[in-house]
Amino acid sequence: MTNKLKITFLFGIFIMLFATNMMKAQLKQGELVDGIAAVIGDEIVLESDVNEQMNYAKQQGASNIDKCEFLENLLNNKLLVYEAKKDTLIENRSAAVKEQANAKYQQLLSQFPDEKTMLAAYKFRNGYEMKNAIEKIDIDTYYGQAKYQRVTEKADVTPNEVTDFFNLYKSQLPEIKDEVSLAQIMMYPKLTEAHKDDLINRLKKIKKDIEGGESFESQARIYSEDPGSASNGGLMKNISKGQMVKPFEAAALNLQEGEISDPVESEFGYHIIQLVKKSGKIYDARHILLMATPTDEEIKIAKAKLDSIRTLIKDNKISFKDAAFKFSDDKRTKFNAGIIAGSDGSSKIERETIPGTISYELAGLNKGDITSAFDDDDERKRKVVKIVKVEDVIPAHQITLETDYDRIKQMALNKKRNEMVEKFVNSKLPTTFISIDGRYDSCNFKGSWKKDSVKK
């Protein structure tokens, strides 16, 4: 794929990369203020942002890097953020994003022995700076994604447009690497009644100690297993109604301010919750979580159940599709025959991107084979057990309409979305304040960005 076409597609997926790359840029640089590359409206692009985008592209194998193109991509996205913040149809979620940023900070902190070590690793002077950096990244990501979706919501492509796209770009399209299609049945190991009773009784004792004079905050710091809030005394601020899992929210909103709930079960484990304050659809709450971490014996029982289901499938007593629907706890796949989606949303996954645990279990298997039950972690690091079926094996090949129509359709759709966003951006340039640092005077931008350059 030529660099030009890469840049075209890069803009289509740029919003998705935006959060990861910006986080990398800010945390690696460890600075909130550096050289300003450009200002769009009241949004700022830092010189470090441009450099980090270029470094990321190099790591992904891009050649003929043009710094001007990367700056223009950042300008495009900052203009989307600027316009999104003025769009009355896009919900202002700044308060919720700020709270989520605090949670991310606590999650990062849980990976280090103490705050000082973490700040040194990320090169921040204090926690306030780091939290502000995370918050800024998340707010930009939210608004950028929201505006991108608003601008492109009616995008579609016809079969003829897909064919035309392929014929125009087929010499530039990459070879497809070895791929597989996989389906899974996933279960959360069930806790025994004795294990559940132990967690509930521990929480009841903690609640009793709080009622006897211990502070909720101190008990949360000592006992809570929630990495996002434990070090903050269990406090979660500016929670929007509908943001938390239903059992938690139902219990929290049924409390009076200052009141503490009895133990509440959710998909994460067992909580006691204290409502701190409530105002309309926003509330603050503290909680202490004891996670439902299964024991080795509970995992063994779950694996035995899955192996028995595997036997039923192999004996043709139930199809994998029906078994996934009936037994799987994974809501993302159980209604789709257990099919695991790849990074592009299709059912095809590059072999080299398959996580190590699953890759190990698939070693030596062929199309139609099913693994024995094995344990793994889900995206929230909760223990699960799985069986995985190899639905298809696709050797490396040159992309064609016959073998890769859905993939080519997605590329064509991304291109159309890019064009819609480019048209929207160009329509806003005449009425938007834009100032670009003089070091970019020699750039030949596609858009009319150079109406007010800052001379060095």
Side-chain angles (χ1 to χ4, degrees), residues 27 95-122 124 126-135 138 188 191 195-196 198-240 243-245 247-249 251-253 255 257-277 282-295 377-383:
L27 296 184
V97 169
K98 184 173 183 177
E99 179 57 33
Q100 290 166 6
N102 287 333
K104 287 184 179 181
Y105 181 86
Q106 298 301 330
Q107 288 171 352
L108 288 169
L109 181 57
S110 69
Q111 301 170 21
F112 292 85
D114 53 52
E115 187 175 41
K116 184 177 180 181
T117 305
M118 178 185 72
L119 294 172
Y122 287 124
F124 281 94
N126 53 58
Y128 178 78
E129 279 189 354
M130 185 169 173
K131 287 178 183 178
N132 275 354
I134 296 171
E135 181 183 344
D138 286 357
Y188 292 105
L191 273 56
H195 191 171
K196 291 179 183 179
D198 176 63
L199 295 174
I200 291 169
N201 289 333
R202 286 169 59 194
L203 283 172
K204 285 181 175 179
K205 174 150 190 329
I206 294 170
K207 179 182 177 181
K208 185 176 180 181
D209 290 343
I210 295 170
E211 292 172 340
E214 296 286 352
S215 73
F216 198 106
E217 297 94 315
S218 66
Q219 298 300 93
R221 290 189 179 96
I222 295 169
Y223 296 111
S224 183
E225 296 173 350
D226 176 14
S229 69
S231 63
N232 197 33
L235 180 62
M236 296 179 290
K237 300 184 68 175
N238 299 314
I239 306 169
S240 302
Q243 181 181 337
M244 306 298 286
V245 291
F248 183 101
E249 184 164 280
L253 295 180
L255 296 171
E257 291 186 3
E259 187 180 2
I260 302 173
S261 73
D262 290 328
V264 176
E265 182 181 6
S266 78
E267 60 193 75
F268 299 101
Y270 292 83
H271 319 245
I272 53 173
I273 305 161
Q274 182 184 52
L275 181 65
V276 177
K277 69 176 182 178
I282 303 293
Y283 62 99
D284 295 350
R286 295 186 187 273
H287 82 134
I288 295 172
L289 168 68
L290 298 183
M291 296 180 70
T293 304
T295 64
D377 293 330
D378 70 3
E379 70 280 358
R380 292 171 174 170
K381 302 300 181 184
R382 291 181 296 169
K383 188 63 66 178

Exercise. Would Y105 and E115 count as a side-chain contact (heavy atoms from CB on, under 4.5 Å) if you check the C-alpha gap in whole Å, the side-chain angles of each, and the deciding distance to 0.1 Å?
Worked result: CA-CA 10 Å; Y105 181 86; E115 187 175 41; 2.3 Å; yes
For this session: Walk me through it: do N132 and E129 pass the test side-chain contact (heavy atoms from CB on, under 4.5 Å)?
Result: CA-CA 5 Å; N132 275 354; E129 279 189 354; 5.8 Å; no
For this session: Please assess I288 against F216 for the test side-chain contact (heavy atoms from CB on, under 4.5 Å), listing each intermediate value before the final yes or no.
Result: CA-CA 8 Å; I288 295 172; F216 198 106; 3.6 Å; yes
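Summarising the geometry, atom OG1 belonging to T295 is positioned 7.0 Å from atom CG belonging to L191; distances are rounded to the nearest 0.5 Å. From I206, atom CD1 reaches atom CG of L290 across 5.5 Å, with rounding to the nearest 0.5 Å. The CD1 atom of I272 lies 13.5 Å from the NZ atom of K208; values are rounded to the nearest 0.5 Å. Distance check, rounded to the nearest 0.5 Å: CG of D209 to CD of E211 gives 9.5 Å. Between D138 atom CG and K104 atom NZ the span is 3.5 Å, to the nearest 0.5 Å. To the nearest 0.5 Å, the span separating CG on N201 from OH on Y270 amounts to 11.0 Å.
Using modelled atom types and a 3.5 Å distance limit, the side chains of Y283 and E257 yield no donor-acceptor pair.
Scored by the side-chain hydrogen bond (donor to acceptor under 3.5 Å, both in side chains) test, K277 finds no partners at all (sequence neighbours excluded). The salt bridge (Lys or Arg N to Asp or Glu O under 4.0 Å) test applied to K204 returns no partner, not counting sequence neighbours. Partners of K116 under the salt bridge (Lys or Arg N to Asp or Glu O under 4.0 Å) rule, at least two apart in sequence or in another chain, do not exist in this structure. The side-chain hydrogen bond (donor to acceptor under 3.5 Å, both in side chains) check on D377 picks up K383, with sequence neighbours excluded. Under the ring pair (Phe, Tyr, Trp, His ring centres under 6.0 Å) criterion, F248 pairs with H271, H287, sequence neighbours left out.
Residues D226 and F268 fail the side-chain proximity criterion, which asks for heavy atoms closer than 4.5 Å. L119 is not listed as a side-chain neighbour of F112, based on a closest heavy-atom distance of 4.5 Å or more.
Taking every heavy atom of both residues into account, K237 and D284 meet most closely at CA-OD1, 3.3 Å. Among all heavy-atom pairs drawn from G234 and A220, the shortest one is N-CB, 3.6 Å. Pairing each heavy atom of A292 with each of L199, the nearest pair is CA-CD1, 4.4 Å.
Between the side chain of R286 and the backbone N or O of E217, no donor-acceptor pair lies under 3.5 Å. A donor-acceptor pair is defined here as one N or O able to donate and one able to accept, closer than 3.5 Å; no such pair exists between the side chain of R221 and the backbone of A230. The backbone N or O of L289 lies less than 3.5 Å from a partner atom in the side chain of S224, making a donor-acceptor pair. A side-chain donor-acceptor contact under 3.5 Å links S261 to the backbone of I273.
Screening residues 258-272 for salt bridge (Lys or Arg N to Asp or Glu O under 4.0 Å) gives K207-D262, E267-R380, E267-R382 as the qualifying pairs, with residues at least two apart or on separate chains.
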